[in-house]
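Convention: sequence-line order gives letters A, B, ...; per-chain numbering from 1. Quick note: numbers below take in every heavy atom, side chains included, and nothing from hydrogens, waters or symmetry partners.
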Amino acid sequence: MPILNPDIARAFDEIADLLEIDNANPFRVRAYRNAARLIQGMSTDLHTMVEAGDDLKELPGIGEDLAGKIVEMVTTGHCSFLEKLEKQTPPALTELLKVPGLGPKRVKALWHELNVETVEHLARAAREGRIRGIPGFGEKSEARILETLQAHLAAIPRFPIAIAAPYVAALVRYLQGVPGVHRVVVAGSFRRGKDTVGDLDVLATATADSLVMTRFTTYGDVSAVLSQGPTRATVILRNKLQVDLRTVDTSAYGAALHYFTGSKTHNIAIRRLGQGIGLKVNEYGLFRGKERVAGETEESVYAAVGLPYIEPELRENRGEIEAARAGRLPKLVERVDLRGDLHSHSSATDGHHSLREMAAAAQAAGLEYLAITEHSRHLTIAHGLDPVRLRRQMEEIDALNGELQGITLLKGVEVDILEDGSLDLPDTLLSDLDLVVGAVHSQFDLPSDRQTARILRAMDSPCFTILAHPSGRLLSSRKPMNVDMSRIIRHARERGCFLEINAQPERLDLVDTHIRTAKEEGVLLAVNSDAHSTQGFAHLPFGIQQARRGWLEKQEVLNTRSLAELKPLLAATMVK
DNA sequence: ACTAGGTATAGTTACAGATGTCAATCTGT
């Protein structure tokens, strides 16, 4: 039963939450948070490192104590310190921290004053009007809690795709190792590259005597088996992810893969096409009467209904079938098309590595250029740069570029868009950069007209190249801003600036439907890692997948261009 | 709890702005 990095990261985050509610030393809390963040971003498995006898203390931010806790988790599967904390502080309290407006102090007050230990308790207390009586709370707090909980409780838990991915990879590896198994593939929304996945649909082909079903339900990471039959089983993993496994005949592999990849509306449209020419389409194949005419491969399924192969990311019944019939399917952008990255941070602000280390990591990720875009001064939590520090970094980058071979650093900034739409640094400074990435980091809940006007005004600044994470959403914690995104997209076209597809697991922002709008408006998009460490470039594939869901081709992604082609495009957005 | 530098202990991305309550807590990467 492998303990994966996200498990350890989650344990450390939970320890940090519980310590914080306990009013512990803030630096101690931060040590756990930093470790969680480090581990979440690592590309090497900690359990592999432990097995290999590596010294975990060499990881930045991991000392003797945390190294010991990691070893304990990897070898025993649990963390005794966390269990001890959970005995003295109800673990469900950490869920309450996710409610907007509730932090450690107020959660502790709710717990002590009202015995509120769970989200359900909180909802009941709010409904009964008991919250307003606690010192520090009032009617507004109570109403806000009630409002967010109603939305919260109705939501089905979904996983950001990049968070689910390592669990998926581990499960697939395990199943592939079962004797008699030929093929294992993950279908469903995971294969379509949706930003979040609800449950996983895994498909396998195997010999008739293979024990794949039994081995699946006894996988070490399984916490509950919901159903188990000869060709289908459903389990819940310890991380609460639901997984369905289906075994199919090799002859029906393509039909099953197509069927279980979906989307449902895409399948319905394909089935209707089949019906029109006398074919029955289901997960077992394509049939004319009793005769199977296709189904071994997905290509054969599409061919039988007169279509070319349609990439999974397009299968949302958003015009892909019409495009396929007309021979106008996009040739989707791929990860290897990326030549650079236009959004990253170094240890000068809230990143973890030096400029030189970031450059080397970008180069190792196959990139030719990397824009360093630190936060600006307004974002004090991220140690944002003021004009003096930014000037100094610009000189550093110039000097470093003199030494670097095969990778070029671009001088940029991720400047805060202030509430009135002005930028957090003066134009005289911004105009000396290669590019200016603008972003909203505060005041996410302005009314739509003001929020939209704010962003439009920012784009109109003399120096404005890319609007970063345009919707501002965080998948598991923050709704997108209230903005007129179509207007922002049209404005980008008129202004001649670009929008970002931010590849961070929690962001994947711009969202797919708006990417499609941007494409139709002729606005170029940049697929950016927003890397805060050398590991951050590993998220780029998820950004690419998001771009593909928005139908983007190579030339519609800004940073597929060579540096020579890119530079004039960036310069055109800047008044010099 | 980590790191550095020293074999103990100090210093640790740090603070403005908003909210909503009446002093303090939460948010932001």
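One finds a salt bridge joining A/Lys69 and A/Asp65 here, because a Lys/Arg side-chain nitrogen approaches an Asp/Glu carboxylate oxygen to under 4.0 Å. Looking at A/Asp17 and A/Arg33, a side-chain N of the basic residue comes within less than 4.0 Å of a carboxylate O on the acidic one, giving a salt bridge. A/Glu395 has no carboxylate O lying under 4.0 Å from a charged side-chain N of A/Arg392, or vice versa, which leaves the two without a salt bridge. Residues A/Asp432 and A/Lys411 are not paired through a salt bridge, judged by the lack of any N-O separation under 4.0 Å between the basic side chain and the carboxylate. A salt bridge links A/Arg473 to A/Asp195: at least one charged side-chain nitrogen sits closer than 4.0 Å to a carboxylate oxygen. The existence of a salt bridge linking A/Asp386 and A/Arg377 is excluded, since no basic side-chain nitrogen approaches an acidic carboxylate oxygen closer than 4.0 Å. Under a 4.0 Å N-O distance rule, the pair A/Glu419/A/Arg450 qualifies as a salt bridge.
The CG-P distance, from A/Asp445 to B/dG17, rounds to 17 Å in whole Å. Following rounding to the nearest Å, A/Leu96 (CG) and B/dT25 (P) show an atom-to-atom distance of 17 Å. Going from atom CD1 of A/Ile39 over to atom P of B/dA1 covers 15 Å, rounded to whole Å. Atoms CG (A/Asp416) and P (B/dA18) sit 13 Å apart, rounded to a whole Å. As a whole-Å value, the separation of A/Arg28 CZ from B/dT3 P is 16 Å. Rounded to an integer number of Å, the gap from A/Asn34 CG to B/dT29 P is 16 Å. Rounded to a whole Å, the CZ atom of A/Arg30 is 11 Å from the C1' atom of B/dC2. Between the C1' atom of B/dA14 and the NE2 atom of A/His378 lies a distance of 14 Å, rounded to the nearest Å.
Within the nucleic acid shown, A/Asp530 has no heavy atom closer than 4.0 Å to any nucleic acid atom. Here A/Leu97 lies out of heavy-atom contact (under 4.0 Å) with every strand. Among the protein residues, A/Ser347 comes within range of no part of the nucleic acid, since none of its heavy atoms lies under 4.0 Å from any strand. Residue contacts shown for A/His375 are limited to sugar-phosphate atoms, with no base heavy atom under 4.0 Å away. Within the 4.0 angstrom heavy-atom criterion, base atoms lie near A/Asp350. Among the heavy atoms of the strands lying under 4.0 Å from A/Leu66 are primed sugar atoms or P, OP1, OP2 only; no base atom is included. Among the atoms of the strands shown, none is found under 4.0 Å from any heavy atom of A/Pro26. Among the atoms of the strands shown, only primed sugar atoms or phosphate atoms (P, OP1, OP2) are found under 4.0 Å from some heavy atom of A/Arg106. A/Arg507 comes within contact range of the sugar-phosphate backbone alone, with a heavy-atom separation under 4.0 Å but no base atom that close.
Counting only heavy atoms from C-beta outward, the side chains of A/Tyr369 and A/Leu410 approach each other to under 4.5 Å.
Nearest to the side chain of A/His383, among B/dT13, B/dA1, B/dG17, sits B/dT13. Of the candidates B/dT29, B/dA14, B/dT21, B/dT21 carries the atom nearest the A/Ser141 side chain, counting heavy atoms from C-beta on. For A/Tyr32, counting side-chain heavy atoms from C-beta on, the closest listed nucleotide (B/dA18, B/dT13, B/dA1) is B/dA1. The side chain of A/His441 lies closest to B/dT29 when the candidates are B/dT29, B/dA18, B/dA14. In the set B/dT12, B/dC26, B/dT29, B/dT29 carries the atom at the smallest distance from any side-chain atom of A/Ile381. The side chain of A/Thr380 approaches B/dC15 more closely than any other nucleotide in the set B/dC26, B/dA14, B/dC15. Of the listed nucleotides (B/dG17, B/dT29, B/dA1), B/dT29 has the atom at the smallest distance from the side chain of A/Leu379.
Side-chain atoms of A/Gln451 and A/Arg454 include a donor-acceptor pair closer than 3.5 Å. No side-chain N or O of A/Glu368 forms a donor-acceptor pair with one of A/Thr408 less than 3.5 Å apart.
Along DNA chain B, the nucleotide closest to A/Glu139 and the one closest to A/Val107 are compared, and the more 5′ of them pairs with A/Glu139. Annotation: of the two residues near DNA chain B, A/Gly138 and A/Gly61, the 5′-most nearest-nucleotide partner is A/Gly61.
Separation of the P atoms belonging to B/dA18 and B/dA8 is 49 Å when rounded to the nearest angstrom. Between B/dG5 and B/dT12, the two P atoms lie 13 Å apart (nearest whole Å). With P as the reference atom, B/dT13 and B/dG17 are 23 Å apart, rounded to whole Å. Of the C1' atoms belonging to B/dC15 and B/dT29, the separation is 14 Å, rounded to the nearest Å. Comparing the same atom, P, in B/dA16 and in B/dA1 gives a spacing of 30 Å after rounding to whole Å. Separation of the C1' atoms belonging to B/dA14 and B/dT27 is 13 Å when rounded to the nearest angstrom.
OP1 and OP2 of B/dA16 both lie 4.0 Å or more from every side-chain N or O belonging to A/Ser442. Between B/dG28 and A/Arg478, a contact under 4.0 Å exists linking OP1 or OP2 to a side-chain N or O.
Remark: DNA chain B takes part in the stems B:1-4 with B:9-12, B:15-19 with B:24-28, each of 3 or more antiparallel Watson-Crick or G-U pairs, criterion distances under 3.5 Å.
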